[in-house]
Amino acid sequence: NFLLYSHHYLMRLKQHISGKACYMIPSIISQSELRLALELQVPILGADPQVAFSFQSKSGNKRIFSAAEVNFPPSATDLFDKASILQNLAQLIVDYPNIQKWLLKIDNEFSGRGLAYLDVNRLKCLHPQEKEKLLRKLESERKVKNFKKVMKERVFFELDEHGHKKIKIVSHQIYPSYSEYMQKFKECGGVVEAVPTNIISSPVVNIFIEPDGNIQFLSAQEQIFGEQFVVVGAQFPQEAVPTQALHDAALSIGTVCYTKKILGYVSVEFVSHLVKGDLHISGVDIKLHLKTSSLIHNLFQIIMKGKSNMKSGVYFANPSVIKNGERSLAIPNTKSTNSKTLDLNLNLPVQYQRCYIYSGLIVHPNLKMCRHGPFFKSCRKNGISFDLHKKTGTIFHLVDILVKGMIGAICIGNTFLESCTCLSNVIDFIWKELNNSDHGFYEIDISETNFQTISNASKKLLKHYANVADRKSVV
C-alpha cells in the first residue's frame, strides 16, 4: 500500500526493472498487489485473488485435500453461526469418542491467531460416571438406540451454557474474550477440526507450481511449536515421515491446485500420527503463498547447492562449496521430473551432511535500541558467526533493519545437536544484549515479545537432541 502512494519510489522501481524479465511474488494477493502489478506492468506469480480467497481459507483447504484424495482429520467446514458451530462440534465429539482435543479455526486468520481448542475431558457430561448413568437410564426406558442422540444434546447444551469456560482461545491479545472470538468466527466463518491422537510430528512441505504445470518439490521441514498449536520456527530435514510419502501427497495437492489455476509457491502442513501402531499423515493446512520458512530454505539451498536422499531424507551439501581440506567430490547431476533437490540414492560422507534450525522471528521492542555495527561486532566477540569454508554456523534473518524490533537466526550444523547448541548460544547472546544497561533499554509488557516462547522451544529441542545423542553413544 505504501509503495502505491510514493511516486518517487514507484519511478525508481520502474527504472530498476526497465528492460529486465521480472515478475512479482506476493504474499497473500489482494487488490493492492494487482494495482501495483498494473502500475509496474509486470505479471504476478500466484493465484487470482478470487480463486485464492476460495481455497486459502481453512474451509477451502479441506476442499483441496478432498479433491487430491489426501487424508485430513475429521472436521466440519463453512460454519458461520454459533449454533451450527456447537452443533457440529457436539456431533463430531460423539462420533469420534477417541479424539481428546478439537480445534476451532477462523477461516481468514493466520499464524495461529484464529485458533481455539476444546479438551473433551473438561466436559462433565462425558465423564465415565455420567455416561454410565445415562446408559442405565436409557436401558430402563428401552431407548438405548437413542444414546448417541441424547449424548449429542447433552454435549451441545454444556457447550452452549459453559462454552466460555470450556473452550480456550490461543491468542488472547487478538481475542480477549470468548464472545469476541465467536463474533469474529460468525463474521468470517471457519471450521471445527480434530486434533489426531498420538501425534509424532508436524512436517510442512514446500512446493513450486510452474506456469506450465510442472511441480517442484522444494523441501520438507519440521515445524517448531511454541505455545499451544502456534508455530514459531522450522527445522530441516524432517525425520519422522518417509520423504516419499510427503512427496507423493504434496504433488497430488499441487496437481489439484494447478487445475484451480493456482500457481507459484504453495506450502502444505501435515501431522503424522499413529493409528493402531501404523504411521499415518493427515493434511491440516495449505498456504497459497511463499512462507518465510520456505524462503529460509531457498537461502539454505543457495548456500549449500546440495540435494536430499529421497529414501533417508538426509541432506548433503555439495562438496564443491565446502573447503575443509578433503578431496572435492561432485554431486551427480541426476534429473527428476518433479524435483531439483531430491535424489533417490544420494549418499556422501557424513562430513557433507547439513541440517538447520530456524528460530522464527524473535520480536522484542528493545531490539530497536541495538545498532548494526556494535551488534555484529559483539557477535564476533562472542563466537556467533558463520564459517564460510565449512558452511556451518549462524546466519541472521534481518527484517529491513534492527529498528523494526525483530530478528531471526538460521543455525546450520552437521547434526541437529550442533544446530540446537548454536541456536541456544544465539538466544543467550541476544538475551544478554537485550539486558545490556548501556543501551538504555526500558521495561516492556510481556505481550510485546515472543522471546520467552522461542527460548523455551529452543531449550526443549536442545534437551531432545542431547538425549538422542546420549542414547546413540550408549548403543
message: Let's go through S359 and V426 carefully: what are the C-alpha distance in whole Å and the side-chain angles of both, what is the deciding distance for side-chain contact (heavy atoms from CB on, under 4.5 Å) to 0.1 Å, and is it a yes or a no?
response: CA-CA 10 Å; S359 67; V426 169; over 6 Å; no
Minimum heavy-atom distance between H297 and L218, given as atom pair plus value: NE2-O, 3.5 Å
message: Using the rule given for side-chain contact (heavy atoms from CB on, under 4.5 Å), can you reason through F72 versus I64, listing the C-alpha separation, both sets of side-chain angles and the distance that settles it, and then say yes or no?
response: CA-CA 10 Å; F72 56 92; I64 293 179; over 6 Å; no
message: Pairing donors with acceptors under 3.5 angstrom, does anything connect the side chains of D107 and S59?
response: yes
query: Which heavy atom of F386 sits nearest a heavy atom of T392, and at what distance?
result: CD1-O, 3.4 Å
query: Any side-chain heavy atom of D81 within less than 4.5 Å of one from I85?
result: no
Show every donor-acceptor pair shorter than 3.5 Å between a side-chain atom in residues 257-264 and any protein atom, with sequence neighbours excluded, or say none if there are none.
residue: Y258; atom: OH; partner: P211; partner atom: O; Å: 3.1
residue: T259; atom: OG1; partner: V256; partner atom: O; Å: 2.5

query: Is the backbone of G60 close enough, under 3.5 Å, to the side chain of S57 for a donor and an acceptor to pair up by distance?
result: yes
query: Which pairs with one or both residues in residues 51-80 pass salt bridge (Lys or Arg N to Asp or Glu O under 4.0 Å), sequence neighbours excluded?
result: K58-D285, K62-E193, R63-D78
task: Verify side-chain hydrogen bond (donor to acceptor under 3.5 Å, both in side chains) between Q301 and Y315, making sure each step is shown before the conclusion.
output: CA-CA 10 Å; Q301 181 61 21; Y315 182 91; 2.7 Å; yes
Side-chain (Q183) to main-chain (S179) donor-acceptor, under 3.5 angstrom: no
- request: Kindly indicate, with the supporting measurements, whether the criterion side-chain contact (heavy atoms from CB on, under 4.5 Å) is fulfilled by Y175 and I106.
  value: CA-CA 12 Å; Y175 303 105; I106 296 175; 3.8 Å; yes
query: Is a donor on one side and an acceptor on the other found under 3.5 Å between the side chain of N450 and the backbone of T453?
result: no
- request: Quick one: sort the Y356 and F236 rings into parallel, tilted or perpendicular, breaks at 30° and 60°.
  value: parallel
- prompt: Between F217 and H247, what is the shortest heavy-atom contact and its length?
  reply: CE1-CA, 3.3 Å
Full working for ring pair (Phe, Tyr, Trp, His ring centres under 6.0 Å) between F80 and F185: CA-CA 7 Å; F80 283 92; F185 202 114; 8.4 Å; no
- prompt: So do the side chains of V231 and I224 get within less than 4.5 Å of each other, counting heavy atoms only?
  reply: no
query: Between Q87 and S84, does any side-chain donor sit less than 3.5 Å from a side-chain acceptor?
result: no
message: Looking at E210, is its backbone amide N or carbonyl O close enough to the side chain of N214 to form a donor-acceptor pair, meaning the two atoms are under 3.5 Å apart?
response: no
message: With a sphere of 6.0 Å drawn around CZ of F396, does it hold more than 12 non-hydrogen atoms of other residues, nucleotides or ligands?
response: yes
query: What is the minimum heavy-atom distance between F416 and C355, and which atoms define it?
result: N-SG, 3.4 Å
query: When you check the side-chain N and O atoms of N206 and Q221, is any donor under 3.5 Å from an acceptor?
result: yes
query: Any donor-acceptor pair under 3.5 Å linking the side chain of S424 with the backbone of C420?
result: no
message: Can you tell me how far apart CG (L89) and CG (D160) are? Round to the nearest 0.5 Å.
response: 11.5 Å
Can I get a per-line list of side-chain donor-acceptor pairs under 3.5 Å for residues 112-128, giving both atom names and the distance, sequence neighbours left out?
residue: R113; atom: NE; partner: E109; partner atom: OE1; Å: 2.8
residue: R113; atom: NH2; partner: E109; partner atom: OE1; Å: 3.3
residue: R113; atom: NH2; partner: E109; partner atom: OE2; Å: 3.3
residue: D119; atom: OD1; partner: N121; partner atom: N; Å: 3.0
residue: D119; atom: OD1; partner: N121; partner atom: ND2; Å: 3.1
residue: N121; atom: ND2; partner: Q100; partner atom: OE1; Å: 3.2
residue: R122; atom: NH2; partner: K165; partner atom: O; Å: 2.6
residue: H127; atom: NE2; partner: N121; partner atom: O; Å: 3.4

field: Min side-chain heavy-atom separation I93-I99 under 4.5 Å
entry: no
message: side-chain contact (heavy atoms from CB on, under 4.5 Å), that's the test. Do S458 and I427 meet it? Break it down for me.
response: CA-CA 8 Å; S458 170; I427 288 175; 3.4 Å; yes
- request: Could you tell me whether the side chain of E222 and the main chain of S202 form a donor-acceptor pair under 3.5 Å?
  value: yes
- request: State, to 0.1 Å, how close L295 and L290 come at their nearest heavy-atom pair, and which atoms those are.
  value: CD1-CD2, 3.5 Å
message: With a 4.5 Å cut-off on side-chain heavy atoms, are L86 and V155 touching?
response: no
message: In this structure, is the centre-to-centre distance between the rings of F316 and Y352 below 6.0 Å?
response: no
field: Least distance between heavy atoms, F156 atom then A83 atom
entry: CE1-O, 3.9 Å
message: Please evaluate residues E269 and K291 with respect to the criterion salt bridge (charged side-chain N to carboxylate O under 4.0 Å, His left out), reporting the C-alpha separation (whole Å), side-chain torsions for both, the decisive distance (0.1 Å), and the verdict.
response: CA-CA 11 Å; E269 297 176 11; K291 284 183 62 177; 3.1 Å; yes
field: Between CG on residue L462 and SG on residue C422, distance to nearest 0.5 Å
entry: 11.5 Å
- line: The reported gap from NZ in K287 to OG in S111 (rounded to nearest 0.5 angstrom) is 6.5 Å
statement: Interatomic distance, CD1@I199 vs NE2@H280, rounded to 0.5 Å, equals 14.0 Å
task: For residues F451 and I430, determine if any side-chain heavy atom of one lies less than 4.5 Å from a side-chain heavy atom of the other.
output: yes
message: Using modelled atom types and a 3.5 Å cut-off, is there a donor and acceptor pairing between side-chain atoms of S272 and backbone atoms of S201?
response: yes
Exercise: do S282 and H273 side chains pair donor with acceptor under 3.5 Å: yes
- prompt: Tell me, do K149 and E153 make a side-chain contact under 4.5 Å, heavy atoms counted?
  reply: yes
message: Please check this pair: side chain of N309 against backbone of S312, looking for a donor-acceptor N/O pair closer than 3.5 Å.
response: yes
query: Looking at side-chain heavy atoms only, is the closest gap between L274 and I200 below 4.5 Å?
result: yes
- request: Output the distance between atom OG (S294) and atom CD1 (I207), rounded to the nearest 0.5 Å.
  value: 10.0 Å
query: Do I253 and F65 touch side chain to side chain, with heavy atoms closer than 4.5 Å?
result: yes
message: Rounded to the nearest 0.5 Å, what separates atom OG in S267 from atom CD1 in I286?
response: 10.5 Å
query: Are the ring centres of Y265 and H289 closer than 6.0 Å?
result: no
